[in-house]
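Have a look at the structure below before the remarks.
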Number of protein chains: 2
Amino acid sequence: MSDTKIYQASTTAPVNIAVVKYWGKRDPKLNLPTNSSISVTLSQDDLRTHTTASCSSTFASDTLLLNSQSQDTSGARTQACFRELRALRAELEASNSSLPKLSSLPLRIVSENNFPTAAGLASSAAGFAALVRAIANLYELPATPTELSRIARQGSGSACRSLFGGYVAWEMGSKDDGSDSLAVEVAPASHWPTMRALILVVSAEKKGVSSTSGMQITVATSQLFQRRAEIVVPAAMEAMKKAIKEKDFESFGKVTMMESNSFHATCLDTFPPIFYLNDVSKAAIRLVEDINNAAGKIIAAYTFDAGPNAVIYYEEENTAAVAGVIKGALGGLEGWASREIEPKESSALDARAIGVLRDGVSRVILTQVGEGPVRTQESLIGADGEPVKK
Amino acid sequence: MSDTKIYQASTTAPVNIAVVKYWGKRDPKLNLPTNSSISVTLSQDDLRTHTTASCSSTFASDTLLLNSQSQDTSGARTQACFRELRALRAELEASNSSLPKLSSLPLRIVSENNFPTAAGLASSAAGFAALVRAIANLYELPATPTELSRIARQGSGSACRSLFGGYVAWEMGSKDDGSDSLAVEVAPASHWPTMRALILVVSAEKKGVSSTSGMQITVATSQLFQRRAEIVVPAAMEAMKKAIKEKDFESFGKVTMMESNSFHATCLDTFPPIFYLNDVSKAAIRLVEDINNAAGKIIAAYTFDAGPNAVIYYEEENTAAVAGVIKGALGGLEGWASREIEPKESSALDARAIGVLRDGVSRVILTQVGEGPVRTQESLIGADGEPVKK
């Protein structure tokens, strides 16, 4: 009689927002980058993917359900994650014959985000980190987060950084097989727990060029890109690690802003050019510049991924001067209720920029540095193997 | 009895729009650039400065009137032009004592543009070229346009290119005194007379960072700039000269667009970042991309100076496919009447981009490659030495 048990395990995983940007692959199949990167992991209280991985001989095939929508699992990236994780499980099974042969069973993955997909936040990092972490839990793999990062990277490059909390580096590595292209902790969240992030979600007309295709066009056509990969980013990596270790926000903020600008500059230098920043993004930059000028030093730092949303980092002690001032100018937006922020009037803000932001920002998200994936007993799959109806 | 005669001479001078961009000074006082550049001189039928230079012992001091507004002549740039031209005149006077001693007489310069200053077109190039050419005419200097370019460059860097018609290079030179940083003709307008330009004048909210201060912040802070100056531009200079010599529009257009993007990328990589392109500029880029995609090759090329206006180059044979299609989409704008262009419907254009352009473009200017400064008998100063009232 065959084993018809439903095996399952669940995890949550966080979003991360890079402060030294990943842009460009030296190997598109293995998602090996042209430069290293560093990110801050954001709190899962505000932004997280929750994933349950299960396997059973009663399942017909590998399936993936995200926010109740069936997803294609035949893509090379998802397949690579499944294959690598099954291989690690098969090694365990080979060395201990008492273990159930999970590696050969079909997988059923159910996943949910606690933030609106429409917000345009890069959810693939949290998604692939949760998928890999959940299956590793299911398979009871002894692999460390860094070992798992090699696998998550093949799902989505930046996913490798979401296997850690706090401040995380993705070291690009040099080997052709990608075995040394891994995520490592720069510092845990507890080292610098006062880091806050305010996200201005910009209502974009439509999705621009996807990051996957965009970065490869940049590598192929930008005449400034090589300089960025070879000279600019290695210097930024060193400066950023030092800033994090010393909890030096002024350095952290300056490198963060210059890195974002450098990345978007190489997008503009791509042919045809790629524009992720729009006039609303530029108004957010002006807002941060005005806040910093009023403070006489860098107390807020903007960064933009492959889209118009502004992520603004600041320290808790400057909540009034950053989040408070922004709430004073943009208090009408959705999202302020999640934290107690006292709105503060400021005469230092450019009125035109504020008008552009009022028209173009759809909501704010208030969050902070947070922990890495957390195992949870809360399951998205019932004992019958079916997704839990909510 | 002293000489109370009013001496005078007049010229017109053209606007030029760079296709390999000048951005960055290695010597701000002498306006010595960090890289060479190439421009197309535009027809004076559409865009020109008209300048009369006069001198007389009856004048109290050096004065400059531009569009009936008195201008400060005490600035280092204007003073440098006056001083250099007077020195050349003084040499002539020293070698031929029969010449009147104009070099010691106060100068009165009167200047008018035939295009609205509000259009945001860089008028300083035409302005300083006309000023230098008019005084050289007044002083009857035997200097060649290249020799005069050394002087005009000190007024405004790009002015040196407006001393020639057609296709003009400003070779950066290497000497500290700037004596080899000069404009030279790449090809006369007659070599490739079919070059057309359509300018979309964008209604900017306000003037951004001035190019003079902006380019020095770029030199000081952009980490990508050095690569542009040392590697990217020298290659673009060679490719552009070849394209012009061979009248190869596809190469001309590709280098023009990539050069504009590269320049604006280094602006974005400046800290704090400089943005000259806005969402309307980006819509103009999309418009050109759509036109080229419909044609299956590059028949139109955008370029942007230190502002949001789009200059679109195309060849006469593609008037219908470029200017006709743009008129079909943006026919309601001011400026179309200056040329006979048949509006043409096209389904290849992005509707969103057209909407942005309809809202954000204030007028079009239709023009073409043109000649260099032309001496004229039409004077802006009467026989009494007073500006002619219009």
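Letters A, B, ... mirror the listed sequences (proteins, then strands); counts begin at 1. Remember, it's a predicted structure, so these values are computed and weren't measured experimentally. Keep in mind that the numbers below use all heavy atoms, side chains included, and drop hydrogens, waters and symmetry copies.
With a 4.5 Å cut-off on non-hydrogen atoms, S222(B) does not touch chain A at all. Looking at Q223(B), both its backbone and its side chain come within 4.5 Å of chain A, counting heavy atoms on both sides. At a 4.5 Å heavy-atom cutoff, S260(A) makes no contact with chain B through either its backbone or its side chain. For I231(B), no part sits under 4.5 Å from any heavy atom of chain A, backbone or side chain.
Heavy-atom neighbours of K254(A) NZ from other residues, nucleotides or ligands within 6.0 Å: at or below the threshold of 12. Residue-environment remark: NZ (K25(B)) exceeds the threshold of 12 foreign heavy atoms within 6.0 Å.
Interatomic distance, M258(A) CE to D269(B) CG, rounded to the nearest 0.5 Å: 6.5 Å. Between the CZ atom of R286(A) and the CZ atom of F275(B) there is a distance of 12.0 Å, given to the nearest 0.5 Å. One distance of note links CD of Q226(A) with CZ of R227(B); it measures 4.5 Å at 0.5 Å rounding.
Shown here for L224(B) and V232(A), the closest heavy-atom pair between the two residues is CD2-CG2, 4.0 Å. Across all non-hydrogen atoms, the minimal contact from L277(B) to L268(A) is CD1-CD1, 4.3 Å.
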side-chain contact (heavy atoms from CB on, under 4.5 Å) assessment of K282(A) paired with N278(B): CA-CA 9 Å; K282(A) 284 154 56 182; N278(B) 64 19; 3.7 Å; yes

